[in-house]
Structure formats: structure tokens, C-alpha cells
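First comes the structure, then the notes that go with it.
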Amino acid sequence: MLSRLLRHPVTLIVGVAIALFALYEISVRFFAYTSDAYVMSDIVVISSQIEGPVSRLAVQNDQPVAAGDLLFEIERTPFQLKLEETQAALAQAKADLELAHDEVTAAKANVTSAEAVQTNAQATLGRVKSLSTEGFSTEANLDVATRDVATAGANVLMAQAQLSVAARRVTVAQANIAAANAALDKAQYDLSKTTVSAPEPGHVAPFTTRQGDYLEPGTKVLALVTERRRRIVANVAERHLARLQVGQKVWLTLGSDPWVIHEGHVSGIATGVARSPDVPEVVPYVAPTTDWVRLPRRFPVEVTLDDWPEGLRLFNGADARVLIWF
């Protein structure tokens with residue numbers, strides 16, 4: 001009798017457990033629920049593009065900013081001096097180009113003069129040869145005329161070589177101007193990057209950079225939490241992936257707005273996750289454990305509210321609970 005009484009509660013418990021398991025397996029065919037969800041929006045990381053100490057911080061933690069508002073400044077004196085140096089180098093290069101053009105003009109005149117002398121020497125040599133044939137000129141006069149032609153030819157070659165050198169100096173000067181212009185553009189660009197403004201509206205996330213900190217190119221200074229692409233990221237178990245589709249109806253609650261049910265829809269489904277936290281961060285990684293429990297692999301699913309309530313503040317990273325209806 002006692003064994004029968006003991007057997008009935010055990011049977012009842014086992015039956016209830018089986019029924020609950022069957023009910024759960026049936027329910028997951030129609031909806032997916034997860035409490036592993038959080039609020040997200042686009043975050044813009046503001047980094048230094050040049051090196052130097054921070055000379056001014058114009059914002060504070062959690063401060064709202066509009067597009068174009070000043071965020072911080074880097075000491076501009078070295079970059080201003082560099083700009084002035086490149087401006088002087090450009091002026092020098094332009095002066096060198098003018099001088100090279102003057103040298104080309106002078107070299108062309110020398111070529112013309114040498115060619116005229118050569119022509120005259122050749123004509124004189126012709127006359128001396130004619131007179132020498134007729135016996136009216138001495139052999140010495142013929143030698144002098146021949147020497148003058150040779151000298152005039154050498155002078156023409158020298159003048160032409162000087163013209164070629166002057167022309168190459170023009171090319172070099174033009175290249176120096178191009179290099180000076182590039183250096184000037186770089187100096188102007190670097191100087192412009194000493195002032196960093198907000199690329200779009202948002203709120204300044206808490207940051208640790210302080211005035212006087214020395215920044216290297218690429219140093220992350222602060223981040224802006226924007227209102228762009230406000231969404232809820234829900235990590236959904238892989239068993240639901242086959243039935244998930246973009247556009248499916250979603251009901252959710254927000255940790256920052258409890259006891260209020262919001263409606264939304266699935267706007268994106270991750271096609272892959274990283275299997276290890278050591279891989280590049282381009283692919284999302286969802287930890288498969290919580291405390292000591294090993295969880296099924298989960299994939300990020302983006303949910304967009306159909307109508308974000310007016311006045312509902314955005315808190316990036318705030319918890320949410322999501323129910324997706326298949």
C-alpha cells in the first residue's frame with residue numbers, strides 16, 4: 001500500500017514534467033523568448049588623427065551635442081609653425097622657378113648669339129678660301145678663319161648645353177613647387193585636425209581623457225552615443241534560426257521603461273558569430289556561458305520598435321526582454 005502511494009506521486013511528477021517539456025517544445029514552434037537583449041544605437045568613436053597634447057576639452061560626460069559642436073582641441077602651435085614653414089618653402093620654390101625661367105631666356109639668347117657668330121665665321125671662312133684660291137690671301141689667314149669656325153661651333157654647343165641645363169632646372173623647380181604644394185596641403189590638413197567637432201548629434205559617453213594628455217594618431221578620445229539606428233539586439237538561441245525572418249512581429253519590454261509592452265519587428269538576423277573571443281571583433285561574439293551553465297549557441301537578432309515613444313530616453317546597453325512571434 002505504501003509503495004503504491006509512493007509510486008503515484010512519482011508518476012504524477014514525471015507526467016507533469018513530460019507535459020511541461022512537450023508544451024515547451026510545442027511553444028517554441030510559434031514564438032521565441034529571450035531575456036538576453038539590450039538597447040543599442042550607433043556609437044561614433046572620436047579618435048585623434050594627429051599627435052600632440054590636449055589643449056582644451058569642450059565637453060563633459062553625458063553632455064548632449066549637436067553636429068559641429070566643438071569636442072576638444074590639440075595644441076596647434078607646432079602645426080601653425082609647420083604651416084608657415086611650408087608656405088615659405090612654396091614661396092622659395094616659386095622664386096626658384098622664376099629664376100629658372102630667366103636662366104632659360106638668357107640661355108636662348110646665348111644660343112642665338114653663338115649661332116650668329118658661327119654663321120659669320122663660316123661666311124668669313126668661305127671668303128678666305130676663295131681669296132686663297134685666287135692667291136690674294138695667305139695660308140695664315142685661312143688657318144685663323146678655320147679656327148674661328150671651330151671655336152664658334154664649340155660655343156654654339158656650349159650655349160645649347162647651358163639651355164638644356166636651364167630647361168631641366170625649370171622642370172626641377174616645377175617639381176619642387178608641386179612638392180611644396182603637397183606639403184602645404186598636408187600642413188593645412190594637420191592644422192585643421194587640431195580642432196575636433198561632433199560629426200553628428202548625440203550624447204558624450206563617459207571618457208577618461210583629460211587636458212594635457214598626449215595623443216598619438218588613432219588614440220580613442222571619446223565616443224558619441226547617437227540616436228541613429230535605435231534598435232534592440234536580442235541574442236536568440238540557434239534552435240529558432242530556421243523560423244526567424246525579417247519583419248516578424250515582436251513584443252518587448254525595456255529595463256529603462258518597465259511594465260510597458262512595446263511593439264516592434266525583426267529588422268536583422270546575424271548570419272554568423274565568432275566561436276572564440278580572440279578572433280577579430282568584426283564578427284560578433286556571444287558568450288555561450290553564464291556563471292557555470294553552458295548555454296546553447298545564440299545569434300544576435302536586431303529588433304526595431306515600430307514607434308519609439310516620444311520622450312523615451314535612449315540608454316545604450318539597457319536590458320530588454322523580447323518575444324518574437326513566428
May I ask you to check whether over 12 heavy atoms, not counting those of [X], lie within 6.0 Å of atom [atom1]?
| X | atom1 | value |
| --- | --- | --- |
| L157 | CG | yes |
| K249 | NZ | yes |
| Q60 | CD | no |

Whether the side chain of [X] engages the backbone of [Y] through a donor-acceptor N/O pair (distance < 3.5 Å, no angle test) should be reported.
| X | Y | result |
| --- | --- | --- |
| T34 | N235 | yes |
| D36 | A234 | no |
| D213 | R210 | yes |
| N61 | F207 | yes |

So [Y] and [X], do their side chains get closer than 4.5 Å, heavy atoms only?
| X | Y | answer |
| --- | --- | --- |
| V236 | R298 | no |
| P206 | D62 | yes |
| L305 | I232 | yes |
| T226 | I43 | no |
| L252 | H262 | yes |
| Y189 | Q49 | yes |
| L163 | K108 | yes |
| V266 | V301 | yes |

With rounding to the nearest 0.5 Å, note down the distance linking [atom1] in [X] to [atom2] in [Y].
| X | Y | atom1 | atom2 | answer |
| --- | --- | --- | --- | --- |
| S267 | D306 | OG | CG | 10.0 Å |
| I46 | L222 | CD1 | CG | 6.0 Å |
| S113 | Q118 | OG | CD | 11.5 Å |
| T105 | H101 | OG1 | NE2 | 8.5 Å |
| D190 | T86 | CG | OG1 | 10.0 Å |
| E263 | T304 | CD | OG1 | 14.0 Å |

Path from [X] to [Y] over hydrophobic side-chain contacts below 4.5 Å:
| X | Y | answer |
| --- | --- | --- |
| V204 | V225 | no |
| F315 | V65 | no |
| V39 | L224 | no |
| L71 | I50 | yes |
| L99 | I177 | no |

request  = Given side chain to side chain donor-acceptor pair (under 3.5 Å), test S197 with D69 step by step and report yes or no.
outcome  = CA-CA 5 Å; S197 303; D69 285 355; over 6 Å; no
remark   = With sequence neighbours left out, the residues meeting salt bridge (Lys or Arg N to Asp or Glu O under 4.0 Å) with E302 are R229, R231
Which atom pair, heavy atoms only, marks the closest approach of [X] to [Y]?
| X | Y | answer |
| --- | --- | --- |
| Q248 | L244 | OE1-CA, 3.4 Å |
| L70 | A58 | O-CB, 3.5 Å |
| S55 | I74 | OG-C, 3.6 Å |
| G247 | H265 | O-CB, 4.0 Å |
| A67 | P199 | CB-O, 4.0 Å |
| L83 | A187 | CA-CB, 3.8 Å |

message = Walk me through whether W251 and V322 qualify under side-chain contact (heavy atoms from CB on, under 4.5 Å).
response = CA-CA 6 Å; W251 289 273; V322 172; over 6 Å; no
ask   = How are the rings of W325 and F31 set relative to one another: parallel (under 30°), tilted (30 to 60°) or perpendicular (over 60°)?
value = parallel
Lys/Arg-Asp/Glu bridge criterion (N-O < 4.0 Å) met for R228, E200 = yes
query = Are R76 and E73 ion-paired here, with the side-chain N under 4.0 Å from a carboxylate O?
reply = no
request  = Could you walk me through whether L215 and F72 pass the side-chain contact (heavy atoms from CB on, under 4.5 Å) test, one step at a time?
outcome  = CA-CA 12 Å; L215 306 179; F72 64 91; 4.2 Å; yes
task = Could you go through the side-chain contact (heavy atoms from CB on, under 4.5 Å) check for E84 and L81 one step at a time?
result = CA-CA 5 Å; E84 294 173 1; L81 294 174; 4.0 Å; yes
Shared-cluster residues of V233, by chain and number - hydrophobic side chains joined below 4.5 Å = Y38, M40
